[in-house]
Amino acid sequence: MNEPLVSPRPDIAALEGYHSKQVDVGVRLNTNESPFGPPVGFVDEWLADLRTVPLHRYPDRDARDLRAALAGRLSQPAERVFCANGSNEDLQTLLLTSGGAGRSGAVFAPTYPLHSHIGRLTGTRVVTGERGPDFLVDPDAAVELVVREQPSVVFLCSPNNPTGAVEPPRTIERLLESTEALVVVDEAYGEFSDWSAADLVADDRRLVVSRTYSKVWSMAALRLGFCIAPEWVVDELEKVVLPYHLAVATQRAGVLALEYQDEMDDRVRILVDERERLFAELAQFDGVTAYPSGANFVLIRFASPDIAVAVWEQLVELGVLVRDFARWPRLEGCLRVTVGAPTENAEFLTALRKAVAAVGEDPVG
Ligand SMILES: *Cc1c(COP(=O)(O)O)cnc(C)c1O
């Protein structure tokens with residue numbers, strides 16, 4: 001019997017939604033946001049600017065000012081910049097354009113689950129390669145996968161969420177040499193890392209680099225992301241995305257934020273210093289493995305999923321929320337902690353010491 005027409009597409013009905021557990025605690029280090037609000041001057045200027053906007057008119061459909069401002073920062077032409085409501089909308093638009101029925105997209109696990117989730121939503125078959133023990137993509141295995149599967153899009157998350165691993169330029173070059181696919185490097189955490197693929201984007205290279213205002217730019221609530229892509233890719237994305245998708249308030253905030261580059265660079269430096277300090281402290285913990293990170297978070301592993309879950313629960317009791325990956329494939333026993341403000345990181349370390357001691361005394365809880 002046929003499905004009734006009012007029921008959802010069976011492949012959608014079979015999907016799990018995307019959730020990240022939220023608990024109301026004092027120290028929230030679970031979603032990789034910036035611990036700092038935007039600079040006060042930015043907020044005042046933005047609100048004053050909004051008073052001058054004709055709200056009865058549609059926003060600039062091509063987001064010309066925003067694209068030009070971003071292009072200036074990136075030393076790329078504005079024609080190679082596409083903006084959307086968070087980089088997740090960039091990725092969705094890319095998959096609507098280049099994925100879909102009869103096509104596939106490749107990801108390398110463990111990685112950001114939204115790449116496969118959006119893939120499935122757009123009817124794109126997802127093929128999954130495995131990262132090596134250090135969570136880097138093995139270039140030979142990756143080339144073998146893309147040659148065999150012929151995906152139309154290849155996602156490379158670098159720095160990788162949730163592991164922190166940064167891919168070397170050579171891996172991206174190898175993928176570009178060995179596939180006709182669009183290679184999409186998700187650099188949501190690119191500012192925290194020591195190199196970016198953004199400079200490699202050119203009209204004759206099938207490379208797309210995706211970035212966001214959600215992390216460094218303290219604007220997760222506003223939803224603004226962008227990608228740098230060959231002009232011919234941007235032209236197609238513009239056809240696919242809904243008209244006037246980007247609100248004028250978001251466009252103005254994006255332009256204005258770029259005038260606060262120095263403040264943002266200072267914040268990145270603070271967070272990178274804090275990350276290194278946190279990593280050094282975590283590496284000293286008995287029974288904890290800390291993975292080197294090029295992002296604003298650190299992944300740590302405990303001896304077993306049960307211990308990690310017990311530590312996570314203790315941390316919540318102590319008012320600290322981190323992200324629980326303890327029962328994820330390849331991440332068994334792992335928790336991910338976002339680098340917070342210095343006081344938050346100190347509170348986290350104190351709580352972790354207590355939690356590990358409590359769990360050590362009574363591991364089954
Ligand atoms: C946080 C994150 C994003 C950002 O998503 P937005 O939609 O821009 O908020 C994208 N990719 C990865 C890997 C992330 O961790």
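Both ligands and their constituent atoms are indexed starting at 1 by order of listing. Worth saying up front: this structure is predicted, and the values here are computed from it rather than measured.
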Review point. Ligand 1 versus Tyr189, non-hydrogen atoms closer than 4.0 Å: side chain, backbone, both, neither?
Key: side chain

Exercise for review: Check each atom of ligand 1 against the heavy atoms of Lys215 and keep those under 4.0 Å away; list them by number with element.
Suggested key: 1 (C), 2 (C), 3 (C), 4 (C), 14 (C), 15 (O)

Check your understanding: Closest non-hydrogen protein atom to atom 7 (O) of ligand 1, residue and atom name please, with distance?
Key -> Arg223 NH2, 2.7 Å

Check your understanding: Would you call Arg267 and Glu274 a salt bridge, using N to O less than 4.0 angstrom?
Key -> no

Check your understanding: Just checking, Arg61 and Tyr244: is the charged tip under 6.0 Å from the six-membered ring centre and within 45° of the axis?
Key -> yes

**Study point:** ILVMFWY cluster, Val183 and Leu200 together (side-chain gap under 4.5 Å)
**Key:** yes

Check your understanding: Which atoms from ligand 1 have a heavy atom of Ala188 less than 4.0 Å away?
Key -> 2 (C), 3 (C), 10 (C), 11 (N), 12 (C), 14 (C)

Check your understanding: Is the closest basic N to carboxylate O distance between Glu238 and Arg67 below 4.0 Å?
Key -> yes

Study note, to complete from the structure: If we number the atoms of ligand 1 from 1 as shown, the ones under 4.0 Å from a heavy atom of Cys157 are 13 (C)

**Study point:** Nearest-neighbour protein heavy atom for atom 11 (N) of ligand 1, which is reported as residue plus atom name and distance
**Key:** Asp186 OD2, 2.7 Å

Check your understanding: Which atoms of ligand 1 sit under 4.0 Å from any heavy atom of Gly86?
Key -> 6 (P), 7 (O), 8 (O)

Revision key, fill the gap. Atom 10 (C) of ligand 1 sits nearest the protein heavy atom Ser87 OG, 3.2 Å

Exercise for review: Specify the protein heavy atom at minimum distance from atom 9 (O) of ligand 1: its residue, its atom name, and the distance to 0.1 Å.
Suggested key: Ser214 OG, 2.6 Å

Check your understanding: Between Glu149 and Arg125, is there a side-chain N and carboxylate O pair less than 4.0 Å apart?
Key -> yes

Practice item. Give the C-alpha distance, both sets of side-chain angles, the deciding distance and a yes or no for side chain to side chain contact (heavy atoms under 4.5 Å, CB included) between Leu258 and Leu70. Key: CA-CA 8 Å; Leu258 299 180; Leu70 281 166; 4.0 Å; yes

Exercise for review: Verify the distance criterion only: is there a donor paired with an acceptor across the side chains of Arg336 and Asn161 at less than 3.5 Å?
Suggested key: yes

